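Both ligands and their constituent atoms are indexed starting at 1 by order of listing. Quantities reported herein were computed from a predicted structural model and do not represent experimental measurements.
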Amino acid sequence: MLDFVTDKVQDETRQGEAFAPVTGDPNQYNKRFYIESYGCQMNFSDSEIVASILQNEGFGATRNYEDADLVLINTCSIREKAEQTIRKRLTEFRKMKLARPGMLVGVLGCMAERLKSKLLEEEKLVDMVVGPDAYRSLPGLITEAEGGQKAVNVLLSRDETYADISPVRLDSNGVTAFVSIMRGCNNMCTFCVVPFTRGRERSRDAGSILKECKDLFDQGFREVILLGQNVDSYYYIGNGQQSTTHPITFANLLEKVALISPQLRVRFSTSHPKDITDEVLYTIAKYENIAKYIHLPVQSGSSRILQLMNRTYTREWYMAKVDRIREIIPDCGISSDIISGFCTETEKDHKETLQIMEYSGYDMSYMFFYSERPGTLAERRYEDDVPLIVKKKRLQEVVDLQGRLSFASNKKDIGKKFKVLIEGDSKRSNKDWMGRNSQNKVIVFPKNELELKKGDYVEVKVTNCTQATLLGTPCPPKGGT
Ligand code: SAM
Ligand code: SF4
C-alpha cells in the first residue's frame, strides 16, 4: 500500500477501529453506541470526546455494530482514498439499517461539511451529520433523528476546544494517552483540506490540559502525546473570565507538563518547521522526560514546490532547522511527511526531495502521493498534472529510500542502551515486551526473569535490528540481579 504508512499519528492498523467497551464501567446502559474512527490521531482523540458525551446521555459502548442503537463513523477527508473507504462502509451500514430501521447512523468529523447534503438528502445514507466542532449538540441531534428528522450541525467554531470534557479512553494500552491541546489550523498549505474541515486555529485552556495530564498520570498513564495540527503555534492568553498573567507558549506548556512528574514522558505532534522555536528546542533538551523526537514534515525538498504548497520555508531554511535541532538536541529523532507528485513536480524537484531526506536522515516518514482535494487552494489554482503512474513511481522511490534510512539509523543504535517505556506484549510473542525509547523507536526485548510490567521504564541494550524495530536485552536494574 503506497499512500499510507503505518505510524503512531496515522496508524493504518487503527483505521476503522471500533471503540472497546470501557472495562470496569459500573454503569448500566439501556442504549448502545458503536463508533469507528478513521484518519489522523486528532480524529481518534475526538472519538474519545464523543464517547464521553454519549456516556453522559446513557449510551454504553459496544464493539458490535449489530447490537448498536447508534452507529457513528468519525471520518477523514485528507485524501480521496480515505473518503472512498468511508463511503463503502456507510453503504454496508445502510444495508443493515434496512433490517433494523430503528438504528441511527451518523457521520462525524471532516467529511461532514462537504458531503452533508449528498449523504443525507441525495444518497440517504445517514440520519445525522455532525461536524468536528458540534459534538456538544449530539444529544439534541439524536433526539431529532429519533423523531425522524434529518439532523445536521456542521458549524465550525472559533472557540470550541472541548476543554472541560474528560475524554473516555478508547482501546487504550493504559500507558500512553493523546491529549488535544488545540484545534483547527490557520496555515493554508495549498494541498490541504484541514483548514476548511476543522476551521480556525484555537488553543485550549492550559489549566485544563495540565489537569488532564495530571489525572492521566494519577491513573497510571506514563506517556502523554500533546496533539495539534501545528503545536508550535500554541498560545493561550486566558478566556476572559480567568485570564492568565502571562500568555502561555508551547515551550511554556511543554515545561509545565514535563514538571508534573519525571516519570511522565511527554511527546507532541505535529511541528510546522516555520514555527518550532529555539525556546522549544532548549526546553526539550533541558528535561529528560520530554521525548527527544520531533515530527517535522518537509512535504517536498524543492523550494519551487514548497512555494506552490505555501509552506513558507525554502529547502535551505528547512535544512538549517534540521542543523539547529541536531546542534541543540544531538540525540534527537526526526521524522517527516512527504508528498510525491504535487502539481508541476518535475524529476529535478523529486530528486531534491530524495536529497533532503538523505540530508535530514529521517528515522521514519509518512509518505503519500498527492491527492487533489475539492475546495483547496491547489485545486482552484493549479492543474493536477503529474500522471498517477509517475506519482506512484516517485512515491515508491521515496518509500525505498526511507526504508534504507530507517535501517541505517537503527543499525547505528546497535550496542547502545536506551531507557524504554514498556507499552505491552510484543505482537509476535507474549514472552517479549514491546516499548519505545525517547526517540520514538520501537524496541522488542525478552521478558526474561525480570519482574517488569506495562508502564515500567527499563534500560535495554540494543543487540540487533530490522528496518522497523530495534531488538535488545533488558539490563537488570542497578543494584538488582
Ligand atoms: N498539520 C500537519 C502538518 O502540517 O504537517 C499534518 C496535517 S495532515 C493531517 C498529515 C499529512 O497528510 C500532511 O503533512 C501531508 O503530508 C498529507 N496530506 C495532506 N493533504 C494531502 C493531499 N491532498 N494529498 C496527499 N497528502 C496530503
Ligand atoms: Fe494542513 Fe498545512 Fe495546516 Fe498541516 S499546517 S493541517 S498540512 S494546512
Residues, nucleotides or ligands: over 12 heavy atoms within 6.0 Å of Lys274 NZ: yes
Test salt bridge (charged side-chain N to carboxylate O under 4.0 Å, His left out) applied to Lys286 and Glu255, step by step: CA-CA 9 Å; Lys286 181 171 168 191; Glu255 177 164 52; 3.4 Å; yes
Ligand 1 contact on His295 by region, counting heavy-atom pairs under 4.0 Å: neither
Residue Pro297 vicinity, atoms of ligand 1 by number, heavy atom under 4.0 Å: 5 (O)
Nearest-0.5 Å distance that lies between atom OG1 in Thr75 and atom CG in Leu108: 7.0 Å
Aromatic ring pairing Tyr366/His295, orientation class (parallel under 30°, perpendicular over 60°, tilted between): tilted
Under-4.0 Å heavy-atom contact with ligand 1, by part of Gln229 that carries it: both
Residue Gln307 excluded, over 12 heavy atoms near CD under 6.0 Å: no
Distance from atom 5 (S) of ligand 2 to nearest protein heavy atom, with residue and atom: Asn187 ND2, 3.3 Å
Atom 3 (Fe) of ligand 2 to nearest N/O/S of Cys185 below 2.8 Å: yes
Nearest neighbour in protein (non-hydrogen) for atom 4 (Fe) of ligand 2: Gln229 O, 4.4 Å
Ligand 1-proximal atoms of Phe369, by part, heavy-atom distance under 4.0 Å: backbone
Within-shell test, Thr270 vs ligand 1, heavy atom, strictly < 4.0 Å: yes
Proximity to ligand 1 by part of Phe191, non-hydrogen separation under 4.0 Å: both
Distance-only polar pair, side chains of Ser409 and Asp363, donor-acceptor under 3.5 Å: yes
Residues Tyr370, Phe191; criterion ring-ring contact (aromatic ring centres under 6.0 Å, His included); working and verdict: CA-CA 8 Å; Tyr370 174 58; Phe191 52 81; 7.4 Å; no
Side chains of Ser77 and Glu83, donor plus acceptor under 3.5 Å: yes
Under 3.5 Å side-chain donor-acceptor pair for Ser45 and Ser180: no
Close approach of Gln299 to ligand 1, heavy atoms, under 4.0 angstrom: yes
Polar atom proximity, Ile338 to ligand 1 (N or O, under 3.5 Å): no
Ligand 1 N/O within reach of Arg79 N/O, cut-off under 3.5 Å: yes
Pro195 contact mode with ligand 2 (heavy-atom cut-off under 4.0 Å): side chain
Donor on one side chain, acceptor on other, Asn289 and Arg222, under 3.5 Å: no
Proximal ligand 1 atoms for Arg311, defined as those under 4.0 Å from one of its heavy atoms: 4 (O)
Test item, Lys391 contacting ligand 1 (heavy atom, 4.0 angstrom): no
Short N or O distance, Tyr370 and ligand 1, threshold 3.5 Å exclusive: no
Within-cut-off N or O pair, Asp337 and ligand 1, under 3.5 Å: yes
Atom 2 (Fe) of ligand 2: the protein heavy-atom neighbour that sits closest, reported with distance to 0.1 Å: Cys189 SG, 2.3 Å
Atom 1 (Fe) of ligand 2 - nearest protein heavy atom and its distance: Cys192 SG, 2.3 Å
N/O donor-acceptor pair under 3.5 Å between Thr190 side chain and Leu308 backbone: yes
Polar contact flag for His272 and ligand 1 (N/O pairs, less than 3.5 Å): no
Geometric class of the Tyr318/Tyr313 ring pair [parallel <30°, tilted 30-60°, perpendicular >60°]: tilted
Which of the ligand 2 atoms, numbered from 1, are nearer than 4.0 Å to a heavy atom of Phe191: 7 (S)
Glu36 versus Tyr34, side-chain donor and acceptor atoms under 3.5 Å: yes
Atoms of ligand 2 close to Arg311 [distance to a heavy atom under 4.0 angstrom, numbered from 1]: 2 (Fe), 7 (S)
Atom indices of ligand 1, in the order listed, that fall short of 4.0 Å to a heavy atom of Arg373: 23 (N)
Minimum side-chain heavy-atom gap Asp46-Arg198 below 4.5 Å: yes
